[in-house]
Each structure stands twice: as structure tokens, then as C-alpha cells.
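Owing to the predicted nature of the structure, the values given are computational and were not obtained by experimental measurement.
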Amino acid sequence: MFIRVADDSKSNNEIVEIPIDGDMDGSVSLSTLAAQFQGVSALKYRNTETSVWRGVRVADGKLYHPDGVWDPDTVYVTVYSKPVSSDIKRKGVGEQQEEYPITSLGQSKSQRLEYGEETSTENEPDHRCVDLIVLGISYRSLEADVKKCFEVFGELVFCEIKRDANGQSRGFGFIRFKNYESQLAVINKRHFIDGRHVDVKIPDSKTSAHEPEYARKVFVARLPDSITPDDLRQYFSKYGPIKDVYVPKPARSFAFVTFHDSNIVRTLFGTHMIHGCSVTVGPAEPKNKLPAIGDYPTSTYKRAKPDHSSLRTLTAYSTSPAHSHYHQQYGQTANTDMMQRFFQQYGTTTNGSAKAQFSNAQQSYWSNAHEEASAIWQQHYR
DNA sequence: GTTGAGCGTT
């Protein structure tokens, strides 16, 4: 289990997942947290009822949630201890000094919020609020409904629903907060307006300039339909902090996993074992990309097209320890004879010969076998 | 049955 933590003094606004310690007391280790956020001393979060910051309990180098339970969807915000007065530089005569002292670790030039302090950071260039896109608004909702939902987190300076020429809502809109901490509190969280959930994000127009989102995303294909976003999050989080997981509903046997760091995505291309199933991971293509003459040919992993019949047999072997070994050795490229020989050396038996299995296999078969393998995996390992 | 819904007439 992880909690989501952000440092609102940082420009990048990134959320880092921090593990909850496994020793049953449900605490988060301060040192684990400090490994990601130098100099951190505590965490705070927005009390949604009163819209006031609430601090978590700190004792013996551990952080405890006041309610006893960490909300996986809440973004907890780092708190840094107040520098002692001796750290504060005296302002020399005629000297232009920084208004705020550098923290003891000297990492940040920016002002840090103290616990319980409601300082506005709107003048910090990195902390400025931006218009946020609100997606999924009911076509019946009005500006007032949107406003009511988000005012809980702080004062809004802007709220608009986009409409077509006839005044019909387009189902999305934009809001802007006065204070940056309000923005942090709502972003990437689920909210409800008129019984529909809506998502709040930094608009593409603000982010795509430097690095397009798809550069931080992988395309995961050949997934069993039973796989959940949480399963994927759990599996892929060992490679790096995850920003988002997208699984189409209804399931379409693929998903997208977005990381915070684009550098790791290329290391993931290839086949992976998730829940006893072999899946392929490839680069995400830009959204809405139009096919064009002269397009670079599809990526390497795609060109080496996996053999579906091989996969069927692989999944039929399900959770045998030989399975993952085989997978390591041949991926999905080997032919059926190779497979049979390989598994025979392990004394693994199948229900019928591999050849017979897919000579009469239809398209639907591999999906069934996939589901079955996944179910068996869950029985054994979950 | 192997690529994400929708991204702003300021």
C-alpha cells in the first residue's frame, strides 16, 4: 500500500507514492518520506468537511493518520519544520536579501508552507495557479454546480462550462483557484457533481509543450479482462512512481500506464508476466495521431509480431514454474514443438497436446485461456 | 478483440 505525497513548494507538482510500512501499525516512516522529500518533518492534508488543513500525527520517526486509515486517493502535502531563528539571515543595510531563509538543507529557493499556515503562494512563479480542466461534467450541470463543488477547497477566481453555439454544454469546463494549495488539493482526484464523477487535470495545453504525455506512458496489450487498474498499478509501481493507469471500460484487453518519469518507459518494452499472463508492453503512441505516409514503421516489439497460438499454449500451462522459465527463454516467439519439448523436460503435462489445443482454437480461445490462467494465478498467489 | 472521450472562438 502506498500514499500519495506532493511537495507544494516544488514547481513540478509531482506526486510521489510512499509505501506504508509493513509492520502492521499502518504508519509511514519519516525516513522513507525524507528519502524523497529532503528535510520533511510532517504531512498535512485537506479536511474535506471543513476545508482546513489537518496534520498527521508524528511520533518516534513515524507518521500516523489521525483516522487510522490512509486514504489512497488523498494527496498528502509535505510540511517542513520552521527554521530556528538563528538560521534566519539578518538583512544587511542596503542589501537585497531573500525574504525567506533557505532551509537547513539548502535545497530549495522557494518558500515553504508551514504547518497550518494559509499563506498564499500566488506570487511565486512556480506556484501560480493555472486554469484546470474539469472533465465529465453532466450536460445538465450549471456553472453554479461546478462552483459549489470546488469552492470547498478554496476560493475560485474562474469557473466556466464550455458550450456549443446552441448553448448546449460540451461536458467539460475550466476552473481556477486563487490559492495554489487549493489547486493541489483537487488535482488528479475524483469529484462528484450532480451524481457524476468528474476529473480535474492540468490541461494538455499547459503540459504538452515540454514533454508530451505519451512519452511517459506505456501501452500494455493482451491483458486479461479481469485485470484491474490497481493490479497494474501494483505491478508497475516497482519500476517507478506511477501517475495514472487507464483501463478502458468495458475491458478491451489493453491499458495505459503513465509514469512520472519518461526515462524508465523504454526499459519496460517487451513481454511481462502479470498474474500468470503474458502481456506485451510497448510505447504509447500520441493520442489522435493521424496515419501519414512516411510514418516510421511500427516499433520493434510490434514488428516481431507475437504468435497467438504460442500464447494460447503458454497460457494453457498456466502457473507451472516452468512457464516463467520458458517465457524468459523464448518470450512468445517459439513454435509449438519447441514448447512441447521444453515443457516435457520439466515433466509438465497439459490437457491434450499443445498442437491439438490450438488447431481447433478460435479467436475467443486465447482470451478464455487468459482468464483461466489469471484465475488460477489468483488462487495460488493472491 | 493490440492505442486513451471530450482540451479553451478568452
Next item on the list: Just jot down the side-chain contact (heavy atoms from CB on, under 4.5 Å) partners of A:Tyr239, sequence neighbours excluded, or say none.
Entry: A:Tyr235, A:Phe236, A:Phe259, A:Ile264, A:Leu268, A:His272
Margin query: With syn defined as a glycosidic angle within 90° of 0 and anti as the rest, where does B:dG6 land?
Written below: anti
Check: Is there a path of hydrophobic side-chain contacts, each under 4.5 Å between heavy atoms of I, L, V, M, F, W or Y residues, that connects A:Val56 with A:Ile20?
Finding: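 A:Val56 and A:Ile20: one cluster.
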Next item on the list: Using a 4.0 Å heavy-atom cut-off, write out nucleotides 4-10 of chain B from 5' to 3' as B (base contacted by protein), S (sugar-phosphate only) or - (no contact).
Entry: BBBBBS-
Checklist line | Rounded distance (Å) that lies between atom P of B:dG1 and atom CD1 of A:Ile227 | finding: 21 Å
Next item on the list: Give the other cluster members for A:Ile133, using side-chain heavy-atom distances under 4.5 Å between Ile, Leu, Val, Met, Phe, Trp and Tyr residues; answer none if it is isolated.
Entry: A:Leu135, A:Val157, A:Phe158, A:Phe172, A:Phe174
Next item on the list: Under 4.0 Å between any heavy atoms, over every strand shown, what does A:Ala251 touch: base, sugar-phosphate, or nothing? Just pick one.
Entry: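 Result for A:Ala251 = base.
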Next item on the list: Please work out whether the ring planes of A:Phe256 and A:Phe219 are parallel, tilted or perpendicular, with thresholds of 30° and 60°.
Entry: tilted
Next item on the list: Assess the side chains of A:Asp230 and A:Thr228: does a donor N or O sit below 3.5 Å from an acceptor N or O?
Entry: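 The answer is no; no qualifying pair exists.
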